[in-house]
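Okay, so here's the structure we're looking at.
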Amino acid sequence: MIDTIEDNLSLTSTAEEVDRINSDFYSQFPYPWRPRSVDCAADPDFSRVMLNQNLGDWTHRTVPANPRIWVAGCGTNQAAITALNFPTAVIRGSDVSPSSLEACAATAKELGCMNLELNQESINQADYSECFDYVICTGVIHHNADPEATLKKLARSLKPTGILELMVYNRYHRILTSAFQKAVRLLAATGSAFDFQEEFAITRMLIREFPGEGLMRQFAAGFKNAPDAHIADSLIQPVENSYTVETLQDMARRCSLEFIAPTPVAWDRGSNTTWNMRFPQPALQKAYETFPDSRRWQITNLLLCENSPMLWFYFKRSDGPVEKRTEQQVCDSFLETNFRANAVGRRCYLLTETNKYQEMKSRVAYPGQPAKPELRRIVEAVSSGAPMRSILESQGIPRDFNTVNGLRLQLTTSGSPFLRSTV
């Protein structure tokens, strides 16, 4: 089992001290930078419906109408974008950085979001108890002194039926990153203190001209045209833990949480986003598919290493009433469900020359049609009113687990929201 001993933990002390360090870091390097455009579906309930389908809920009830949502560690824009996409929800955004919150408030105002409250607070100090239907915490707890204690705070904030969306660093994605961070800290001779401007200057030097050859040189070269905030967050973040599927599951269990499903990451379509492998050997494939979901994901994590997906998952409370269904059960119900094509239109806000968001007057078609012909044929066929099983049978598409799960992810989730169940 790989633990976090090789992570970037030299500045870790108390939770309060790490909160202070992170507040100072993100005040100097507000993260993330403003995207050139921000979009949302014209249907105000669209994001909630697709979120439920991500969870394998074709009735769209797990996350209820008008939910209470906490964006824990919201940075400069995540709470504002969440408020835009969930306009019927009550949103709370929390962050330790006042600069990040000021930027988030400005973005929310430009986007016309009236359903957002922002608080300068640490997750570690928050004292929410069974308050939220949906908690979003992505890329945050691994920058804390004691991520498990932070995760317990998130778990405590969930209603019994609540859902947590959590992303932590994949250990195999962070080997070069952690090594670079440590080297820069040693070169800056910051020791147990920190001087982020000095570390950033050294980082820029290494990106421009790296000594030697090899993987690290290629890694550093990839940041030559990156925004300052991206460089800083990736290469000089002061505290960083990382995990494997196994260590994340163990930590979640100790926090009374359990996996529901991987999160479809809409903006990360270019990478590997499936946790299910295809083996050329039928015997291996059969054995692999007999394992519980989390064991399969663990095997995938180990075999694909740096090419395995991001550790981005939905969780539920272990003691809650939300039904835990396997991926196979979700696929079985997908086959028996009727769908209709989504055609909701999309609102788009563009960043102007004055660095403010302005809504485009024209609405664009959304989500449009899938790029792959075989997926387009399925979208066209749902108008027949037949369940998915009949549609696949009529088109001669195999109904093995990997094929069906792939179709489900490519047609009915927030990353590829082409179909909506009619249950």
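What you are looking at is a predicted structure, and each value in this text was computed from that prediction instead of being measured.
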Less than 6.0 Å separating the ring centroids of [X] and [Y]?
{"X": "Tyr288", "Y": "Phe279", "answer": "yes"}
{"X": "Phe259", "Y": "Phe315", "answer": "yes"}
{"X": "Phe313", "Y": "Trp275", "answer": "yes"}
{"X": "Phe334", "Y": "Phe339", "answer": "yes"}

Taking 4.0 angstrom as the limit, do [X] and [Y] come out as a salt bridge?
{"X": "Asp43", "Y": "Arg420", "answer": "yes"}
{"X": "Arg34", "Y": "Glu110", "answer": "yes"}
{"X": "Glu130", "Y": "Arg317", "answer": "yes"}
{"X": "Arg174", "Y": "Glu240", "answer": "yes"}
{"X": "Arg296", "Y": "Glu289", "answer": "no"}

Do [X] and [Y] have side-chain N/O donor and acceptor atoms under 3.5 Å apart?
{"X": "His60", "Y": "Ser421", "answer": "yes"}
{"X": "Asn54", "Y": "Ser414", "answer": "yes"}
{"X": "Asp293", "Y": "Thr326", "answer": "no"}
{"X": "Thr263", "Y": "Glu165", "answer": "no"}
{"X": "Trp70", "Y": "Ser94", "answer": "yes"}
{"X": "Ser99", "Y": "Ser97", "answer": "no"}

Donor-acceptor contacts under 3.5 Å from residues 368-380 side chains, at least two apart:
from   : atom 1 : to     : atom 2 : distance (Å)
Lys372 : NZ     : Gln410 : OE1    : 3.0
Arg376 : NH1    : Pro370 : O      : 3.2
Arg376 : NH1    : Ala371 : O      : 2.7

Taking [atom1] in [X] as the centre, count heavy atoms belonging to other residues, nucleotides or ligands within less than 6.0 Å. Is the count above 12?
{"X": "Asn225", "atom1": "CG", "result": "no"}
{"X": "Arg254", "atom1": "CZ", "result": "yes"}
{"X": "Lys356", "atom1": "NZ", "result": "no"}

Could you tell me whether a side-chain N or O of Arg253 sits under 3.5 Å from a main-chain N or O of Ser318, the two making a donor and an acceptor? no
Would you say the side chain of Gln237 lies within less than 4.5 Å of the side chain of Tyr26, judging by non-hydrogen atoms? yes
